[in-house]
Protein chains: 2
Amino acid sequence: MAAGPQNVRRMPRAQRREQILDAATRAFARTGYVATGLDGVTAEAGVTSVLLYRHFDSKADLYRAVLDRACARLEATVGSSDFDEGSISALLRAAAEDPDGFRLLFRHAAREPDFRDVVDGIRAMSAEVTRRELAAVIPEGPWLDWAVQYVPTVTLEAVIAWLDAGQPDPDQAADRIALVVHSAIRAANSVD
Amino acid sequence: MAAGPQNVRRMPRAQRREQILDAATRAFARTGYVATGLDGVTAEAGVTSVLLYRHFDSKADLYRAVLDRACARLEATVGSSDFDEGSISALLRAAAEDPDGFRLLFRHAAREPDFRDVVDGIRAMSAEVTRRELAAVIPEGPWLDWAVQYVPTVTLEAVIAWLDAGQPDPDQAADRIALVVHSAIRAANSVD
DNA sequence: AGCTTTGTTTAAGTCAACTTATACAAGATG
DNA sequence: CATCTTGTATAAGTTGACTTAAACAAAGCT
């Protein structure tokens with residue numbers, strides 16, 4: 001039989017690739033790399049697995065493409081803004097522009113042994129900047145270490161929670177988050 | 001040949017079970033459920049996989065036992081302390097008593113589709129308490145939702161970062177973390 | 001019209017990781 | 001000392017998920 005496909009949506013190769021990447025981002029954002037089967041991706045994309053393999057060599061290859069793109073978008077939006085006030089609102093803008101990619105990067109990829117290296121690029125840079133900033137305020141010691149790890153986390157989790165809450169008050173959001181971040185720095189410095 | 005085992009350390013069944021659970025907790029704490037092979041567990045425990053299967057029906061069964069024990073310990077230490085000042089220091093005590101279990105629960109299990117239910121028990125209770133506390137301070141709306149999700153996260157991540165920093169100043173730690181938590185609540189409430 | 005590209009369907013191949021089976025060694029215990 | 005339990009070693013079985021293969025249909029361009 002092999003009933004031929006009736007209403008097949010054809011696309012130029014590049015566009016299809018993007019569409020698959022979009023779908024894969026959504027699919028992976030739900031449950032991460034291992035727990036997301038290729039079925040999940042193909043279902044989300046509305047495409048057969050065979051076609052998928054005509055665009056990507058393997059599941060790992062696809063995942064890396066997804067992460068790289070999310071990473072590139074993030075860097076494009078956040079850019080070179082150092083760790084000043086503006087960087088938080090830049091982060092919010094980036095998250096709003098690509099929520100699934102954002103969640104995927106920091107909720108899942110950051111904890112996946114085979115792929116943390118992608119995020120570690122950002123992470124390392126961010127940690128270095130953070131350390132330099134904090135070293136001027138917090139005395140050397142374990143609480144500086146604590147802050148260096150904790151401050152980026154607090155920031156990212158605030159943004160993710162903001163996404164989950166429906167992205168309210170984009171203008172004020174940065175200020176509110178800044179409050180918490182500063183408080184974390186103060187907490188590392190001394191107990192009032 | 002089958003060179004018989006020379007120096008075999010024998011143990012009563014119950015004790016061996018605990019020893020395996022300890023080892024499995026350490027092993028799983030590193031990379032979570034899927035990414036940790038049974039080899040990882042057996043290597044850490046110093047036993048054969050056959051013996052492992054004489055104590056647990058399956059990998060999933062073992063993992064659940066690990067999580068349940070960690071959960072039980074946590075609840076035993078934190079107890080019924082409501083969301084007051086004392087609960088943070090109770091959390092610190094619990095984390096210090098079982099660091100691997102703590103990290104495993106909140107870093108990994110919380111994000112694993114098949115096992116999040118274990119943590120969700122805690123999570124739901126904690127969220128409900130949090131919401132009741134916050135509802136008295138924060139007006140209904142998306143920022144309340146934000147805080148309800150964010151406050152527990154901020155707390156847990158602070159504790160984990162504290163573990164990673166080498167558990168400095170156990171006495172002051174609770175106060176420092178409380179500062180950040182209160183600041184998060186204030187942030188949700190209004191921008192100064 | 002003919003060739004290339006995009007797509008589908010169906011089926012089979014591969015491989016790692018979990019799981020079971022079998023046989024044997026040696027401590028504990030009554 | 002007979003027996004039960006704890007342990008090992010080695011090998012085979014099973015399965016789910018990823019991956020390839022083969023054959024065919026239709027859109028689109030030259």
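Quick caveat: nothing in here was measured; it's all calculated off a predicted structure. Quick note on labels: first sequence line is chain A, next is B, and so on, each numbered from 1. We use all heavy atoms of the structure for the numbers below, so side chains are in, but hydrogens, waters and symmetry mates are not.
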Test question: given the 4.5 Å side-chain rule for I, L, V, M, F, W and Y, name all other residues clustered with A/Val47, or answer none.
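Reading the cluster by chain and number, A/Val47 sits alongside A/Leu51.
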Of the options A/Arg16, A/Gln15, A/Arg17, which is the one that meets A/Gln19 in a side-chain hydrogen bond (donor to acceptor under 3.5 Å, both in side chains)?
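Exactly one candidate clears the test, A/Arg16.
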Going by ring pair (Phe, Tyr, Trp, His ring centres under 6.0 Å), name the pairs with one or both residues in residues 10-48 of chain B, residues two or more places apart or in two chains.
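Those involving residues 10-48 of chain B are B/Phe28-B/Tyr63, B/Tyr33-B/Tyr63, B/Tyr33-B/Phe115.
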Pair listing, ring pair (Phe, Tyr, Trp, His ring centres under 6.0 Å) test, anchored in residues 165-187 of chain A, at least two apart
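Ring pair (Phe, Tyr, Trp, His ring centres under 6.0 Å) check on residues 165-187 of chain A returns no pairs.
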Within [range], find the residues that approach DNA chain C with a heavy atom at under 4.0 Å, and present them sorted by residue number.
{"range": "residues 49-59 of chain A", "result": "A/Val50, A/Leu51, A/Arg54"}
{"range": "residues 24-48 of chain A", "result": "A/Gly46, A/Val47, A/Thr48"}
{"range": "residues 12-21 of chain A", "result": "A/Arg13, A/Arg16"}

Atom CZ of B/Arg10 and atom P of D/dT6: how far apart are they, to the nearest Å?
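Nearest whole value for this atom pair: 7 Å.
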Extract all donor-acceptor atom pairs below 3.5 Å that involve side chains of residues 140-149 of chain A and protein atoms in other chains or at least two apart in sequence.
from     : atom 1 : to       : atom 2 : distance (Å)
A/Trp143 : NE1    : B/Asp169 : OD2    : 2.5
A/Asp145 : OD1    : A/Arg131 : NH2    : 3.3
A/Trp146 : NE1    : B/Ala158 : O      : 3.1
A/Gln149 : NE2    : B/Asp164 : OD2    : 2.9

Looking at B/Asp117 and B/Arg64, is any side-chain nitrogen of the basic one under 4.0 Å from a carboxylate oxygen of the acidic one?
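Salt bridge present between B/Arg64 and B/Asp117.
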Side-chain (B/Asn189) to main-chain (B/Val137) donor-acceptor, under 3.5 angstrom:
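Yes, the answer is positive, given that a donor and an acceptor are paired below the 3.5 Å cut-off.
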Main chain of B/Ile122, side chain of B/Ser126: is a donor-acceptor contact present, judged purely on distance under 3.5 Å?
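No, because the side chain of B/Ser126 does not come within donor-acceptor range (under 3.5 Å) of the backbone of B/Ile122.
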Going by the rule side-chain contact (heavy atoms from CB on, under 4.5 Å), which residues pair with [X] if we only count those two or more places apart in sequence or in a different chain?
{"X": "A/Glu128", "result": "A/Arg132"}
{"X": "A/Ala43", "result": "none"}
{"X": "A/Arg10", "result": "none"}
{"X": "B/Thr48", "result": "none"}

Global bending angle along the helix from C/dA1-D/dT30 to C/dG30-D/dC1, which compares the axes of five pairs at either end, to 10 degrees
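Both end axes considered, the difference amounts to 10°.
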